[in-house]
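Input: a single structure, listed below in C-alpha cells.
Quick caveat: nothing in here was measured; it's all calculated off a predicted structure.
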Amino acid sequence: MKNTFNKITPQIDSNDFCFEIHVTEMCNYSCSYCNLSPMNKHNTVDYEKMFSLNLPDRARVFLMGGEPTIDKFFFDIVNKCYEKGFTNIDVQTNLTFNVEKMVKKLTTNKTPVKFYGSFHMEYSDIKKFIKKGAFLKKNNMYGGVHLMWLKKMNDKCISYYKLLNKTLDNISLEPTLPKSLFSIDWEEKQELKSFLDYGHINKCTRLKNIIDIDGNKMSIGDALYKNIERGIYGKKCNAPSKTVIFSVNKNKFFNCTFDLLFNREFDEKEFNKGICICKNNICCADLEFKKY
C-alpha cells in the first residue's frame, strides 16, 4: 500500500533560492545511469521567456545539462544572466572543456562563474580531472566535485574520493539513481540501498541535508530509502518557493527536476504560492535549490 507525504519542507534559509537553467540535453558522455534520453538539440534561445519570471534578488543561477559547456549558446547564456543582475552563477560540468581557455574568456568578459565538477567513473580520467580542478581553484572558479558512485566500482570510487580530498575540497560522493523513475526500476536497481548500507551518506553532501516531512525531520537519503521501501511520494512540497527550472530545449519552466523529467507543465500560480501539489508517482524530496 502506498502512502503519501502531506508536506515536505526543507531546513534551509529562504535566501537560498536557485534559478536552475538546463542549458542543453546533449552530452559528450553516455553514462549507463543517465536519464537524459532522447537528447534533443535547439537552434535558438528564448531569452525573453527565460527571464520572464519575477525571481528573488539573491537568486543563485545554476547552469546544467547534459553538458552545458558544449552548447554553442553557453557563453551567451552566462553573459545574459550576468547582465540581468545575477552575480552568483554556478555550472555543473564534467570538466572536459579546456580550462585555460574557459578561464581566459570568462576573465576577459569579467563574468564571475564557479564550476562544480561531476566525476563519472565510466569516462573521467582522475589525473586530468584533478589538474583541471586545481587550475580552476587557483583562478577562483572552483566550487566542488560530485563523484558519482557505482556499486560495482565501490573500492575504486572510495580510493578516488580520498585522492580528490587530498588536492581539492567540497567533495561529495553521490549515488547513481535508476534511469527511469518508475517503481519497478527502483526495486530492480538497488544502488541507493547499497550506498546507504555501505555507510556512505556522510560522504554525500546532498543526501545528508535535513528536511521535514509531516513534522518528522529526516535526511534526504532516508526519505529516498523510504520511497523505495514503501512507495511514498510527496503530495505537497514547497520546492517552488525555493527553486524554478527553465529548460532551453523545451523552452518551458518547471517546478522541480521530477516535473521536468515527467514533462509536467509549469503552473505559475503554484509557483507564486510557493506550494506544489505534486502529481509524480515517486518523489525523492530532493529539492534542487541547494546541492553543495
Side-chain angles (χ1 to χ4, degrees), residues 2-25 35-38 40 42 44-66 68 77 80-81 84-86 88 90 92 177 180-183 206 209 211-215 220 223-224 227 231-291:
K2 291 189 175 183
N3 298 308
T4 307
F5 292 140
N6 289 313
K7 189 174 182 181
I8 303 173
T9 309
Q11 302 297 297
I12 302 293
D13 186 86
S14 60
N15 291 324
D16 286 321
F17 188 93
C18 181
F19 179 27
E20 197 170 284
I21 301 174
H22 287 242
V23 176
T24 179
E25 294 175 0
N35 52 28
L36 288 173
S37 179
N40 303 304
H42 55 268
T44 59
V45 181
D46 189 344
Y47 290 110
E48 184 176 352
K49 185 166 185 178
M50 181 186 290
F51 299 110
S52 62
L53 292 181
N54 184 23
L55 302 178
D57 294 334
R58 293 180 61 183
R60 168 203 187 201
V61 173
F62 198 41
L63 303 182
M64 302 181 67
I77 292 174
K80 287 287 186 182
C81 288
K84 289 292 181 179
F86 298 106
N88 187 4
D90 298 334
Q92 183 81 53
L177 300 179
S180 76
L181 302 174
F182 297 101
S183 300
R206 179 168 55 95
N209 283 340
I211 55 178
D212 187 301
I213 298 179
D214 291 347
I220 290 175
L224 274 163
N227 286 342
I232 299 179
Y233 59 96
K235 183 179 179 183
K236 292 184 180 179
C237 170
N238 74 344
S241 69
K242 296 293 184 176
T243 186
V244 67
I245 293 172
F246 182 79
S247 167
V248 177
N249 269 84
K250 295 180 173 64
N251 197 32
K252 293 179 181 178
F253 287 100
F254 297 91
N255 280 332
C256 66
T257 300
F258 273 65
D259 283 352
L260 171 65
L261 294 174
F262 280 108
N263 200 28
R264 180 188 170 217
E265 290 295 325
F266 175 75
D267 189 322
E268 192 167 353
K269 289 183 179 179
E270 285 184 6
F271 171 75
N272 290 329
K273 290 179 181 177
I275 295 294
C276 175
I277 308 301
C278 188
K279 297 178 182 178
N280 301 324
N281 292 324
I282 299 176
C283 177
C284 65
D286 180 9
L287 308 184
E288 293 294 314
F289 56 88
K290 190 161 186 175
K291 290 183 171 59

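Distance check: Ser247 OG to Asp259 CG gives 12.5 Å after rounding to the nearest 0.5 Å. In this structure, the separation between NZ on Lys80 and CZ on Phe51 is 8.0 Å, given to the nearest 0.5 Å. How far CG of Leu63 is from OG1 of Thr24: 12.0 Å, rounded to the nearest 0.5 Å. Going from atom SG of Cys81 over to atom CD1 of Ile21 covers 4.0 Å, rounded to the nearest 0.5 Å. Summarising the geometry, atom CE belonging to Met50 is positioned 4.5 Å from atom CD1 belonging to Ile77; distances are rounded to the nearest 0.5 Å. Separation of atoms CE (Met64) and CG (Leu260) is listed at 9.5 Å; rounding is to 0.5 Å.
Annotation: Phe246 is in aromatic contact with Phe253 [ring centroid separation under 6.0 Å].
The shortest distance between side-chain heavy atoms of Phe17 and Arg60 does not fall below 4.5 Å. Annotation: side chain of Leu53 is in contact with side chain of Val244 (closest heavy-atom distance under 4.5 Å). Lys273 has its side chain out of reach of Phe271: every pair of non-hydrogen atoms, C-beta onward, lies at least 4.5 Å apart.
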(request) Start with the C-alpha gap between Asn263 and Phe254, add the side-chain angles, then the distance that decides, and say whether side-chain contact (heavy atoms from CB on, under 4.5 Å) holds. (result) CA-CA 8 Å; Asn263 200 28; Phe254 297 91; 3.7 Å; yes
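A distance-only check finds no donor-acceptor pair linking the side chain of Lys49 to the backbone of Lys252 [under 3.5 Å]. Side-chain N or O atoms of Thr243 include one that pairs as donor or acceptor with a backbone N or O of Cys18 at under 3.5 Å.
With a 6.0 Å cutoff to the six-membered ring centre and a 45° limit on the axis angle, Arg264 does not count as a cation-pi contact of Phe266.
In this structure, the side chain to side chain donor-acceptor pair (under 3.5 Å) partners of His22, at least two apart in sequence or on a different chain, are Glu20.
At most 12 non-hydrogen atoms from other residues, nucleotides or ligands lie less than 6.0 angstrom from CG of Asn54.
Looking at every heavy atom in both residues, His42 comes nearest to Val23 through CE1-O, 3.0 Å.
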